[in-house]
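The next block holds one structure in the form of structure tokens; read it before the comments.
By convention in this document, chain letters (A, B, ...) are assigned in the order of the sequence lines, proteins followed by strands, and residues within each chain are numbered from 1.
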2 protein chains.
Amino acid sequence: MSIDTKLDMQEVSQIMKLLGDKTRLTMMKMLQAQDFCVCEFVEIFNMSQPAISQHLRKLKDIGLVKESRKKQWIFYSFNRDHDCALLIEELLQHLPDQKERLVELEAQGLRISCE
Amino acid sequence: MSIDTKLDMQEVSQIMKLLGDKTRLTMMKMLQAQDFCVCEFVEIFNMSQPAISQHLRKLKDIGLVKESRKKQWIFYSFNRDHDCALLIEELLQHLPDQKERLVELEAQGLRISCE
DNA sequence: TACTTATATAATTAAATCATTATATACTGA
DNA sequence: TCAGTATATAATGATTTAATTATATAAGTA
């Protein structure tokens, strides 16, 4: 049932703690589908920019997301190389996709496309 | 990939928050294999009885465990009827079994058997 | 270079969390 | 009924968490 050799209790509980916040859990669900930059999340969650930055930092510190700069924006992506990536992806499968949030963002013309 | 129709973000994040504590996560892993009573957990985790009771209460309040009295003991069991039971069981599969803890408990003669 | 936009960090505060001690409740058996 | 054991609840305090405001850094552009 698990491809990973068994994971560490300590590590998994820390990750669960991070996913125990609705904002971060939703972020991860969205990042499973595509990358987002900070300012998009600010709009999506209607939350202050530092609050968003701090959530992303926690996710980054524990290795669940990676960041990469593109032009003036910093995009965050799901880190599928993480030890617990499989566990997390399984978990996220149980959650509703957040399409409406993306649709709304696009409707407001706030989607950042960068290529 | 999921049998459950999609779960609620709010509910899942609350559950993840509960599993974000190493003691509770370990409890759930152990309860996946068999039932335990409070005093066994007190020994296993080497923690005060009220601390254990309060962890179990949180798990019970959110519906992850059920309790049943047997003689003077109260046994806790994994509630497989919970909405999120499947998700949780999947998650727990990734964790190492806690056999050593049980072995140690038995070695100390502190396992409560009740039938 | 100076201005604007995007993001990060620091300081602060309110609320939540977790363990402890003290106490109450409930069952068992003499 | 009383004593002992098992468990729950309440009160308290230390620590952590998550948001805010203020400020710093870095890139883009006129």
Counting just side-chain N and O atoms, does Tyr76(B) come under 4.0 Å of either OP1 or OP2 of dA6(D)?
no
Is there a side-chain contact between Cys39(A) and Ile112(A) (heavy atoms, below 4.5 Å)?
yes
Quick one: which residue pairs count as a ring pair (Phe, Tyr, Trp, His ring centres under 6.0 Å) with a foot in residues 72-92 of chain B, not counting sequence neighbours?
none
Do Glu43(B) and Glu104(B) have side chains that approach each other closer than 4.5 Å (heavy atoms only, starting at C-beta)?
no
Enumerate all atom pairs, one protein N or O and one N or O from nucleotides 26-30 of chain C, separated by less than 3.5 Å.
none

Can you sort out which residues in residues 35-65 of chain A have a heavy atom within less than 4.0 Å of DNA chain C? Ascending by number, please.
Cys37(A), Val38(A), Cys39(A), Gln49(A), Pro50(A), Ser53(A), Gln54(A), Arg57(A)
Separation of dA6(C) P from Glu67(A) CD (nearest whole Å)
17 Å
Whether the side chain of Lys6(A) engages the backbone of His94(B) through a donor-acceptor N/O pair (distance < 3.5 Å, no angle test) should be reported.
no
Could you tell me whether Lys22(B) contacts a base, only the sugar-phosphate backbone, or nothing, with contacts defined as non-hydrogen atoms closer than 4.0 Å?
nothing
Figure out the CD/P separation between Gln14(B) and dA16(C), and round it to whole Å.
12 Å
Note, Met9(A) side chain near Leu25(B) side chain (heavy atom, < 4.5 Å):
yes
Could you check how far CG of Asp21(A) sits from P of dA16(C), rounded to whole Å?
13 Å
Would a distance-only check, ignoring hydrogens and angles, find a side-chain to backbone donor-acceptor pair under 3.5 Å from Glu40(B) to Cys37(B)?
yes
Do Gln93(A) and Glu89(A) have side-chain N/O donor and acceptor atoms under 3.5 Å apart?
no
Would Arg111(A) and Leu102(A) satisfy side chain to side chain contact (heavy atoms under 4.5 Å, CB included), going step by step from the backbone distance to the final call?
CA-CA 8 Å; Arg111(A) 181 71 171 134; Leu102(A) 185 57; 3.8 Å; yes
